[in-house]
Amino acid sequence: MKKSLIALAFGTLALGIAEFVMMGILPEVARALGLPIATAGHFISAYAIGVCAGAPVLTLARKLPLKHILLALVALMMTGNLFAALAPNYWTLLCARFVSGLPHGAYFGVGSIVAEKLAPKGKGSEAVSIMIAGMTVANLFGVPLGTALSSAFSWRAPFFLVSIWGLIVLYYIVRWVPPVEGLPDTGFKGQFRFLKSPAPWLLLGATALGNGGVFCWYSYITPLLTHVSGFSPAAITLLMMLAGFGMVAGNLISGRLSDKYSPAPVAAFVQACLFVFLLSIFFLASNPWISATLMTLCTAGLFALSSPQQVLIIRHSPGGEMLGAASVQMAFNLGNALGAYCGGLPLQAGLGYRYPALVGAPFALIGFILLTVFYKKFEKEKQPE
């Protein structure tokens, strides 16, 4: 494995902790700042809004070397998380979380292009999956570590951890990532020209809706496991690590399969499986072992989509590759927000915790349809030689 890809993965590890740790420490943050839980939830939304706002800014940095852009994004990530760690009140932390989210999608966009350029011929998808692996490892180890630090010391500790880790990321990007040839400058308008084609819209729609279907269920995974599947609250930490293992395995396996069979059919197949898994959760979640197995398969599928989607959007955004690659992360976060909202609707109506999975199943099915249409109409014409 190239050291350069490990350096890129170190960056996605930091971003993964920064994004997801807030969900685990939200009660501590709310208590420390004297906020209701619902208000503290704004800190999660602020990060997602930052992700969406940061991606278009890449158009202003299109003439810079890709390595320099990566370093600037890591520096911004460090700054945002340091401000979050020092935030004295609601508004300061809200702004800090927004700033922390700004480099997220942009880093994935630039990092995907760099990973593909550094990969051996025919190994582009696997290289991107290695870069994304940092995000999955964050869910497996980083977020539980951040939550433990919050319980042992302070809710501020995880954000200090991300800032310090950022220094390590900077060092290894400087040391291990070689200078990479920049992309041709197509001008400001040229960065958006690829959006005139239906192909990227099909991909972005599949990302938002397909992944959103999983988040309908995953946003309410803890009450499902405890109230429906019968697991004790003490078992949730181990179950979340099992879910994280699924993310790691799914991401790495799909990277290899995408290089062997092409990313589009792999993504479509995974999306179809997610539809089946979500329906199965609705009907079979009362069995604890089946529920845990389906949870692992679903989280594996969620991140099995990541590297194929990143590779495909780069192929189908000529002249705006950085913006296209970053837009996938925008779509992913929009799907996260959409899924959490829609998955909560049946709960507000008084239905049980298995119903969010049923709500998510049609979203996954639409994602499969969009990916299938994309493959048949566009990807067959762009198979790599």
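Just so we're clear, the structure is a prediction, and the values are computed from it rather than from any experiment.
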Could you walk me through whether Q329 and Q310 satisfy the side-chain hydrogen bond (donor to acceptor under 3.5 Å, both in side chains) test, starting with their C-alpha distance in whole Å, then the side-chain angles of each, then the deciding distance to 0.1 Å, before giving a yes or no? CA-CA 9 Å; Q329 293 303 311; Q310 289 283 168; 2.9 Å; yes
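- For the pair N211 and L305, the minimum side-chain heavy-atom distance is below 4.5 Å.
- Residues P178 and S4 share a closest heavy-atom pair of CD-CB, 4.1 Å.
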Apply side-chain contact (heavy atoms from CB on, under 4.5 Å) to residues L323 and F192 and explain how you reach the verdict. CA-CA 8 Å; L323 178 62; F192 297 89; 3.5 Å; yes
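- I168 and L149 are assigned to two separate hydrophobic clusters, defined by single-linkage of ILVMFWY side chains at heavy-atom distances under 4.5 Å.
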Check the pair C298, I281 against side-chain contact (heavy atoms from CB on, under 4.5 Å), reporting the backbone distance first and the verdict last. CA-CA 10 Å; C298 264; I281 288 170; 3.9 Å; yes
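- Counting non-hydrogen atoms of other residues, nucleotides and ligands closer than 6.0 Å to CZ of F231 gives a total above 12.
- The CG atom of L8 lies 11.0 Å from the NZ atom of K2; values are rounded to the nearest 0.5 Å.
- Remark: side-chain polar atoms of T92 are not paired, donor with acceptor, to backbone N or O of P88 under 3.5 angstrom.
- F332 has its ring centre less than 6.0 Å from the ring centre of F215.
- Checking side-chain atoms of S229 against main-chain N and O of T226 turns up no donor-acceptor pair under 3.5 Å.
- Y355 places none of its side-chain heavy atoms less than 4.5 Å from the side chain of L347.
- Within the model, atoms CH2 of W155 and CE of M22 stand 7.0 Å from one another, a figure rounded to the nearest 0.5 Å.
- No side-chain donor-acceptor contact under 3.5 Å links S262 to the backbone of S258.
- Annotation for S125 and G255: closest pair CB-O, 3.5 Å, computed over non-hydrogen atoms.
- In this structure, M295 and M240 have side chains that are in contact, with non-hydrogen atoms separated by less than 4.5 Å.
- Between F108 and H104, the ring planes lie parallel to each other; the angle is under 30°, not in the 30° to 60° tilted range.
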Go through it in stages, so that I can follow the logic: the residues are S307 and S129, the test is side-chain hydrogen bond (donor to acceptor under 3.5 Å, both in side chains), and I'd like the CA-CA distance, side-chain angles, deciding distance and then a yes or no. CA-CA 5 Å; S307 58; S129 73; 4.9 Å; no
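- Side-chain contact between L358 and L278 is absent, with no heavy atoms from C-beta onward closer than 4.5 Å.
- Other residues, nucleotides and ligands contribute more than 12 heavy atoms inside 6.0 Å of the CZ atom of F160.
- For the atom pair Y47 OH and C52 SG, the distance stands at 11.5 Å (nearest 0.5 Å).
- Taking both residues in full, the closest heavy atoms of T12 and G134 are given as OG1-CA, 3.1 Å, listed atom of the first, atom of the second, then distance.
- V29 and F83 fall into different hydrophobic clusters, where Ile, Leu, Val, Met, Phe, Trp and Tyr side chains are chained together by heavy-atom contacts under 4.5 Å.
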Candidate pair F378 and S197, rule side-chain contact (heavy atoms from CB on, under 4.5 Å), full reasoning: CA-CA 10 Å; F378 298 100; S197 167; 4.3 Å; yes
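- Note on Y172: it does not cluster hydrophobically with L161, by side-chain heavy-atom contacts below 4.5 Å among ILVMFWY residues.
- Among all heavy-atom pairs drawn from F303 and S254, the shortest one is O-OG, 4.3 Å.
- Side-chain contact between K67 and V114: absent, with no pair of heavy atoms (C-beta onward) separated by less than 4.5 Å.
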Begin from the C-alpha positions of L274 and V214 and carry the test side-chain contact (heavy atoms from CB on, under 4.5 Å) through to its verdict. CA-CA 8 Å; L274 286 172; V214 177; 3.9 Å; yes
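- When all heavy atoms of A84 and R156 are compared, the pair lying nearest together is O-NH1, 4.2 Å.
- Two residues are said to be in side-chain contact when any heavy atoms from C-beta on lie closer than 4.5 Å; S317 and P200 fail this criterion.
- Between F275 and F363, the distance separating the two ring centers is not shorter than 6.0 angstrom.
- In this structure, F10 and W176 approach most closely via the heavy-atom pair CE1-CZ3, 4.5 Å.
- One distance of note links NE2 of H227 with CZ of R354; it measures 13.5 Å at 0.5 Å rounding.
- Side-chain atoms of F368 and T372, non-hydrogen and from C-beta on, do get closer than 4.5 Å to each other.
- Under the 3.5 Å distance criterion, the side-chain polar atoms of T207 are matched with a main-chain donor or acceptor of L203.
- With values rounded to the nearest 0.5 angstrom, L15 atom CG is found 9.5 Å from S100 atom OG.
- With contacts defined as side-chain heavy-atom distances shorter than 4.5 Å, the pair K123/R256 does not qualify.
- Separation of atoms CE (M135) and CD (E19) is listed at 5.0 Å; rounding is to 0.5 Å.
- Both L70 and L64 are members of a single hydrophobic cluster when ILVMFWY side chains are connected at heavy-atom separations under 4.5 Å.
- Y220 and I236 fall within a single hydrophobic cluster, where Ile, Leu, Val, Met, Phe, Trp and Tyr side chains are chained together by heavy-atom contacts under 4.5 Å.
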